[in-house]
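Scroll down for the structure; my scribbles are underneath it.
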Amino acid sequence: MKNISVIGAGTMGNGIAHIFAQSNHKVSLIDVSEEALNKAIETISKNLDRQIKKEKITEDDKNLTISNIQPFTSIESGVQTADLVIEAATENLDLKLSIFKQIDQYAPSSAILATNTSSISITKVASVTNRPEKVIGMHFMNPVPIMKLVEVIRGYQTSDETTRITMDKSSEIGKIPVEVNDYPGFIANRILMPMINEAICSLHESVAGVEEIDTVMKLGMAHPMGPLQLADFIGLDVCLSILRVLQDGFGQPKYAPCPLLVNMVEAGHLGAKTGSGFYSWTAGTKELRVADRFK
Ligand SMILES: NC(=O)c1ccc[n+]([C@@H]2O[C@H](COP(=O)([O-])OP(=O)(O)OC[C@H]3O[C@@H](n4cnc5c(N)ncnc54)[C@H](O)[C@@H]3O)[C@@H](O)[C@H]2O)c1
């Protein structure tokens with residue numbers, strides 16, 4: 001299993017391409033945007049330079065890794081020889097269903113089809129293919145080259161063999177796979193998002209301020225960063241959309257998003273990517289500053 005196709009060359013796709021190429025796989029990196037493909041190769045190159053500086057790899061290792069990656073702008077040509085396809089395109093159900101129909105049509109019938117989705121049902125994605133037993137979730141964490149975990153998600157029809165091969169492949173590239181079943185939010189987001197939501201509700205109810213909430217969780221629970229800072233990094237729109245998936249999927253009020261989160265998303269205050277969330281984010285500044293509104 002040496003030919004890997006990665007669909008989507010954004011934040012996650014470039015990291016996934018990087019780790020497979022570095023562990024001697026031939027990677028076809030596919031994106032509809034040529035600009036995204038160029039940017040991905042640039043990012044991978046910069047990340048490899050950082051590893052050279054730390055003397056973890058040599059210049060030759062870098063050249064070999066880059067030469068293992070071939071860019072494509074069409075799924076049809078990019079998945080022709082794939083043993084494993086990993087889809088990491090934009091999080092949108094209709095888009096993913098359409099991509100999976102195409103992969104199923106053009107990838108060899110023996111290929112395993114994985115999705116890196118954070119919240120979409122693996123079972124649903126598998127249902128539009130003719131090989132639901134070969135469809136599985138591979139939920140990598142951001143940044144992919146650094147984070148060890150791969151949440152391997154079994155859809156309702158995923159076979160034991162597909163799961164075993166995916167677990168083995170994840171270990172082979174230096175990750176630690178954990179097998180979970182396909183229910184809303186899987187494990188990572190089912191536990192993380194209610195914690196973030198509870199932190200936002202605590203702020204909304206003035207139980208404590210932004211810094212106080214994050215400090216309690218950092219110093220009291222040994223979390224590397226507080227839940228409000230993490231929410232700003234993930235993107236408040238992404239947090240809201242995952243909470244809606246949990247709320248719809250389980251039909252339980254405990255997953256209802258805090259009204260403050262809904263308001264912030266509607267106002268376009270989405271966290272680090274828009275410059276404003278619970279904190280104020282200015283490019284190049286390392287110091288963490290609580291947003292004026294929450295002072
Ligand atoms: N960013 C994270 O922290 C994170 C973590 C875990 C999982 N995920 C999941 O990974 C996936 C990708 O997220 P991201 O943050 O990398 O998104 P992103 O926006 O950075 O990248 C998505 C890429 O998909 C491309 N794309 C869109 N339609 C396409 C198509 N039809 N064919 C090929 N490429 C297409 C876009 O051009 C873009 O380059 C999502 O499913 C997301 O839920 C994200």
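Throughout, residue positions are numbered sequentially from 1 according to the sequence presented. Remember, it's 1-based here, ligands and their atoms both numbered in the order they're listed.
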* Residues in contact with ligand 1, criterion: heavy atom under 4.0 Å ->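 Contacting ligand 1 under 4.0 Å are I7, G8, G10, T11, M12, D31, V32, A36, A88, A89, T90, E91, L95, K96, I99, N116, T117, S118, H139, F140, N142.
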
* Any residue meeting salt bridge (charged side-chain N to carboxylate O under 4.0 Å, His left out) with R164, in chain and number order, not counting sequence neighbours ->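 Listed in chain order: D168.
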
* Asked: Does the S28 side chain pair with the main chain of Q70, one donor and one acceptor, at a distance under 3.5 Å?
  ->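 Here the side-chain-to-backbone pair does not exist.
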
* To do: Can you sort out the partners of Y156 under ring-ring contact (aromatic ring centres under 6.0 Å, His included), two or more places apart, ordered by chain and number?
  =>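 By the ring-ring contact (aromatic ring centres under 6.0 Å, His included) rule, Y156 matches no residue at all.
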
* With no hydrogens and no angle check, do the side chains of T65 and N68 hold a donor and an acceptor under 3.5 Å apart? ->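 No, because no side-chain N or O of T65 sits under 3.5 Å from a partner of the opposite role on N68.
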
* **Residue pairs, two or more places apart or on separate chains, that pass salt bridge (charged side-chain N to carboxylate O under 4.0 Å, His left out) and touch residues 244-273** =>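 Found D237-K273.
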
* Hey, can you tell me if H139 and F186 have their rings parallel, tilted or perpendicular (30° and 60° cut-offs)? =>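 Judged by the thresholds at 30° and 60°, the geometry between H139 and F186 is perpendicular.
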
